[in-house]
Trainee: 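Sharing a structure below in structure tokens format, with a few things to ask.
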Amino acid sequence: MRAHVTRALLHAGEVIRPRKDLLAGFHRHQQEDAHEFLMFTLNGMQQGCLSASQPSGHASEDTSVVRQIFGGTWRSRIQCLHCLGVSDTFDPHLDVSLDITAAQSVEQALRELVKPEKLEAENAYDCGVCLRKVPATKRLTLHSTSQVLVLVLKRFTQLSGAKRAQEVRYPQRLDVQPYTSEGKAGPLGYVLYAVLVHSGWSCERGHFFCYVRAGNGQWYKMDDAKVTACDETAALSQSAYVLFYAREGAWEGGAGGGAAAPSGLTPQTPGSLQEMPAAELLGRRRPRGTQRPKG
């Protein structure tokens with residue numbers, strides 16, 4: 001993964017064919033889902049971090065830089081309604097998938113995600129204390145939160161692949177504290193910095209483009225080889241597929257509330273990027289064509 005990124009940066013404007021080991025999880029000569037590619041990239045980077053760790057192998061996934069930036073932990077808590085005992089299960093995650101079937105906003109989808117579920121009748125809980133099946137509640141919450149929060153809106157139905165094209169509002173600033181295991185603590189703010197959009201009517205075809213906020217607070221629409229400056233209103237009014245939020249204060253020093261530029265890089269002024277080809281920024285061109293976002 002490191003070799004591929006380095007090569008792309010050194011050969012800006014050229015089409016870069018990924019190494020064979022990076023292509024293993026994809027179909028040749030087909031364009032794949034952008035979210036799948038994101039997770040594939042993060043997993044590849046994480047494996048690269050682990051393989052580059054101490055030879056003794058003591059380093060764990062929880063200490064990799066990918067996990068430190070994108071990683072969080074779910075807590076699934078079941079509480080017996082008879083003896084009031086609780087059982088907790090913890091699972092790591094790199095992104096959060098939201099069911100938007102009946103949601104009009106990201107906040108509503110998050111509330112539905114963490115809403116307690118009643119376990120009774122055939123789904124009754126087999127309590128280890130009561131030694132029998134009893135009614136119980138089950139609730140999923142964010143137990144530990146990431147520096148970068150990736151929210152995936154489930155826009156594609158699993159059976160037909162049809163797209164849920166309804167409007168789902170998303171805020172510039174998101175407080176995730178109500179959805180955590182410590183829901184009554186102080187606010188836990190995240191600021192939007194990127195919006196991935198799918199244009200099309202099904203998972204069989206379409207086109208991906210995105211809106212990204214630079215370190216100086218300026219928003220840009222990135223559509224294949226074209227990068228155009230835009231305002232925040234445009235970025236907040238899209239039929240979003242994937243949303244990227246950065247925790248407030250995660251990277252101090254960025255102007256306008258955006259993430260600070262990496263060491264040695266200076267944010268460009270808005271005018272200098274008005275019509276700059278994306279290939280010059282990203283090191284590769286992606287032809288407009290068929291996409292296969294799997295829902």
Trainee: What are the two closest heavy atoms between V134 and C127, and how far apart are they?
Mentor: CG2-CB, 3.7 Å

Trainee: Taking only distance into account, with no hydrogens and no angle test, what donor-acceptor pairs under 3.5 Å do side-chain atoms of residues 99-109 form with protein atoms, sequence neighbours excluded?
Mentor:
unit_1 : atom_1 : unit_2 : atom_2 : d
D99    : OD1    : T101   : N      : 3.0
D99    : OD1    : T101   : OG1    : 2.6
S105   : OG     : Q108   : N      : 3.1
Q108   : OE1    : Q104   : N      : 2.9
Q108   : NE2    : A102   : O      : 3.3

Trainee: First locate atom OH of Y190, then atom CG of L151, and finally report the distance between them rounded to the nearest 0.5 Å.
Mentor: 9.5 Å

Trainee: Let me see the working for D223 and H207 under side-chain hydrogen bond (donor to acceptor under 3.5 Å, both in side chains), right down to the final yes or no.
Mentor: CA-CA 9 Å; D223 188 352; H207 177 63; 2.7 Å; yes

Trainee: Restricting to non-hydrogen atoms, name the atom on A229 and the atom on Q218 that form the minimum distance, rounded to 0.1 Å.
Mentor: CB-NE2, 3.7 Å

Trainee: Going from NZ on K115 to OH on Y179, what distance comes out if it is rounded to the nearest 0.5 angstrom?
Mentor: 13.5 Å

Trainee: Do you know which of V152, V148, V242, L38 makes side-chain contact (heavy atoms from CB on, under 4.5 Å) with D95?
Mentor: V152

Trainee: Can you measure from SG (C80) to CG (D126) and round to the nearest 0.5 angstrom?
Mentor: 10.5 Å

Trainee: State, with a plain yes or no, whether a side-chain heavy atom of V150 is found less than 4.5 Å away from one of L94.
Mentor: no

Trainee: Within the structure provided, determine whether K133 and Y125 are in side-chain contact (heavy-atom separation under 4.5 Å).
Mentor: no

Trainee: Taking all heavy atoms of V114 and all of R139, pick out the closest pair and write down the distance.
Mentor: O-NE, 2.6 Å

Trainee: For L81, enumerate each residue passing the side-chain contact (heavy atoms from CB on, under 4.5 Å) test, keeping only those at least two apart in sequence or located in another chain.
Mentor: K118, P135, T137

Trainee: Is there side-chain contact between Q79 and S87, with heavy atoms separated by less than 4.5 Å?
Mentor: no

Trainee: Under a 3.5 Å distance rule, please check whether Q177 uses its side chain to pair with a backbone N or O of E182 as donor and acceptor.
Mentor: yes

Trainee: Can you see which heavy atom on A194 is nearest to which on W219, and at what distance?
Mentor: N-CH2, 4.0 Å

Trainee: Of all heavy-atom pairs between L236 and Y170, which one has the smallest distance, and what is that distance?
Mentor: C-OH, 3.4 Å

Trainee: If only atom types and distance count, is the side chain of R169 paired as donor or acceptor with the main-chain N or O of S237 below 3.5 Å?
Mentor: no

Trainee: So is K221 actually on top of F209's ring, under 6.0 Å and inside 45° of the axis?
Mentor: yes

Trainee: Quiz question: by atom type and distance under 3.5 Å, do the side chains of Q238 and Y211 form a donor-acceptor pair?
Mentor: yes

Trainee: Give, for atom CG of D91 and atom OG of S76, the distance between the pair rounded to the nearest 0.5 Å.
Mentor: 7.5 Å

Trainee: Within a strict 4.5 Å, meaning less than it, do heavy atoms of the L149 and L243 side chains meet?
Mentor: no

Trainee: Any luck finding a side-chain donor-acceptor pair between T141 and S181 under 3.5 Å?
Mentor: yes

Trainee: Would S144 and T73 count as having a side-chain donor-acceptor pair, cut-off 3.5 Å?
Mentor: yes

Trainee: Is there a donor-acceptor pair under 3.5 Å between the side chain of D175 and the backbone N or O of P178?
Mentor: no

Trainee: So, do L192 and E232 sit near enough that their side-chain heavy atoms are less than 4.5 Å apart?
Mentor: no

Trainee: Between atom CG of L153 and atom OH of Y241, what is the distance when rounded to the nearest 0.5 Å?
Mentor: 9.5 Å

Trainee: Mark yes when over 12 heavy atoms from residues, nucleotides or ligands other than K138 sit less than 6.0 Å from its NZ; otherwise mark no.
Mentor: no

Trainee: Can you list every pair that meets ring-ring contact (aromatic ring centres under 6.0 Å, His included) and has a residue in residues 65-86, with sequence neighbours left out?
Mentor: W74-H93

Trainee: Shortest non-hydrogen contact from Q68 to Q147?
Mentor: O-CG, 3.4 Å

Trainee: Are V65 and M39 linked, directly or through intermediate hydrophobic residues, by side-chain heavy-atom contacts shorter than 4.5 Å (ILVMFWY only)?
Mentor: yes

Trainee: Could you measure the distance from the CZ atom of R247 to the OG atom of S146? Nearest 0.5 Å is fine.
Mentor: 7.0 Å

